[in-house]
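Each ligand, and each atom within it, is numbered from 1 in the order the structure gives.
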Amino acid sequence: MIPFVDLKSQYHSVKEEVDAAVARVLESGQFVLGPEVAAFEEEFAAYCHARHGVAVNSGTSALHLALLAAGIGPGDEVITVSFTFVATAAAIHYAGAKPVFVDIEPESYTIDVTQIESAITERTKAIIPVHLYGQAADMDSILEIARAHNLIVIEDAAQAHGAEYKGRRAGSMGHMGCFSFYPGKNLGAYGEGGMVVTSNPEYSRAIAMLRDWGQERKYHHTVKGYNYRMEAMQAAILRAKLRHLEQWTECRRANAARYDRLLANSEVQAPAALPHNRHVYHVYSVRSDDRDDLQQTLQEQGIQTGIHYPVPVHLQKAYADPECRPGDLPCSERAAGEVLSLPMYAELSESQIDAVCSAIPEAVNV
Ligand SMILES: Cc1ncc(COP(=O)(O)O)c(C=O)c1O
């Protein structure tokens, strides 16, 4: 059996450090925010090449508070993609604003920058590019459009810890960058977690207040806030794991290179990493005209796969929008029917990759 993710084997590889971190928090008696969270904020922001980090309880909360800090609310529109996890659009709704979806570029699965300008109206306040699967969107074009139209750029970097675009780290290029530390992410907590990174001290201060009941001092509530605080236990675990992230990322990239090589002439299309990008392969997604059959074939051979994502947000019942109907985003809709995520994690062995590929027609058999 080859699992789709294997969180247990990663835990065993860092068990001593993680167990020590957990024990440290238990002994400290401080379980919410506090010094562990502050240290993790500093370390992760530095990792992202950003000045500030504000830790929260999920990637969704990070997006929600980034939008609020940017002053986005009812009547505003935010341009983003439909081919993403639902949280990107949900956070825009949480803020009271309206997501306006544009299509993706079919090679990279990230926002098609040629379609952004025609989606801008006088109500547009922000763009949320999603660095899907661990590959950065075309940030130079996005930032140029944003500057020309005075828009805020919030990077959804939930899948892109350590990803780079022309040498710049994901999360550091827009006004704010939002990360998730959900367990299966490239840097995963043992529970929920998220962070907003930014080099703007005003945004950082506003988000720090909003995540903690809008208080600057205990029981003095300056704004209406939320209980979105990170737990100290998660911060301590994430600090221990952050020290291994670069090495894990290099393992993911080596695994992706092996898949690429073996799948080059197969019946599936391997993912494209653009030359200026450092793709961190949160997800290694291939494309097939016969996706469902292929998934079934792999399943029968004990190989677990995933689909990220089978239904784009604009076709979800909960997010149906009369201004964005079936057929309006053809590249997103087509991708949703064809993508298949193969097992991908640092601990995946060469022989496991070879076994996955030997189950795919026309792949190189090792
Ligand atoms: C692209 C994207 N955005 C946002 C999120 C939300 O993060 P979380 O699950 O931590 O709330 C996720 C996580 O699954 C994601 O993949």
Closest approach of any protein heavy atom to [atom], naming residue and atom:
atom	answer
atom 16 (O) of ligand 1	Gln159 NE2, 2.9 Å
atom 11 (O) of ligand 1	Thr60 OG1, 2.5 Å
atom 13 (C) of ligand 1	Lys185 NZ, 2.9 Å
atom 3 (N) of ligand 1	Asp156 OD2, 2.8 Å
atom 15 (C) of ligand 1	Ala158 CB, 3.5 Å
atom 9 (O) of ligand 1	Ser180 OG, 4.0 Å

Before we go on, tell me: are the rings of [X] and [Y] under 6.0 Å apart, centre to centre?
X	Y	answer
Tyr319	His93	yes
Phe181	His161	yes
Tyr284	Tyr133	no
His131	Tyr165	no

Need the ligand 1 atom indices (1-based, order shown) with element for anything under 4.0 Å from a heavy-atom of [X].
X	value
Val130	1 (C)
Ser58	10 (O), 11 (O)
Thr88	3 (N)
Thr84	1 (C)
Ala87	4 (C), 5 (C), 6 (C)
Tyr309	16 (O)

Inset, instruction - Give a yes or no on whether the backbone of Gly162 and the side-chain of Arg278 come within a donor-acceptor separation of less than 3.5 Å. - result: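 Yes; judged by distance alone, with no hydrogens or angles, the pair exists.
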Legend entry - side-chain contact (heavy atoms from CB on, under 4.5 Å) partner of Ile128, chosen from Thr84, Ile79, Val78: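 Single pass found, and it is Val78.
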Under 3.5 Å, is there a donor on one side chain and an acceptor on the other for [X] and [Y]?
X	Y	result
Gln135	His282	no
Ser351	Asp354	no
Glu117	His149	yes

Inset, instruction - Ignoring angles and geometry beyond distance, decide whether Phe85 reaches within less than 3.5 Å of ligand 1 through its nitrogen or oxygen atoms. - result: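 No: no nitrogen or oxygen of Phe85 is under 3.5 Å from one in ligand 1.
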Inset, instruction - May I ask you to check whether Glu192 has an N/O atom sitting below 3.5 Å from an N/O atom of ligand 1? - result: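 N/O-N/O distance below 3.5 Å does not exist for this pair.
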Legend entry - Cation over ring face, Arg253 and Tyr281, 6.0 Å, 45°: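 The answer is no; the distance or angle limit is not met.
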Inset, instruction - Determine whether the side chain, the backbone, both or neither of Leu132 has a heavy atom under 4.0 Å from any heavy atom of ligand 1. - result: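 Contact part for Leu132 vs ligand 1: neither.
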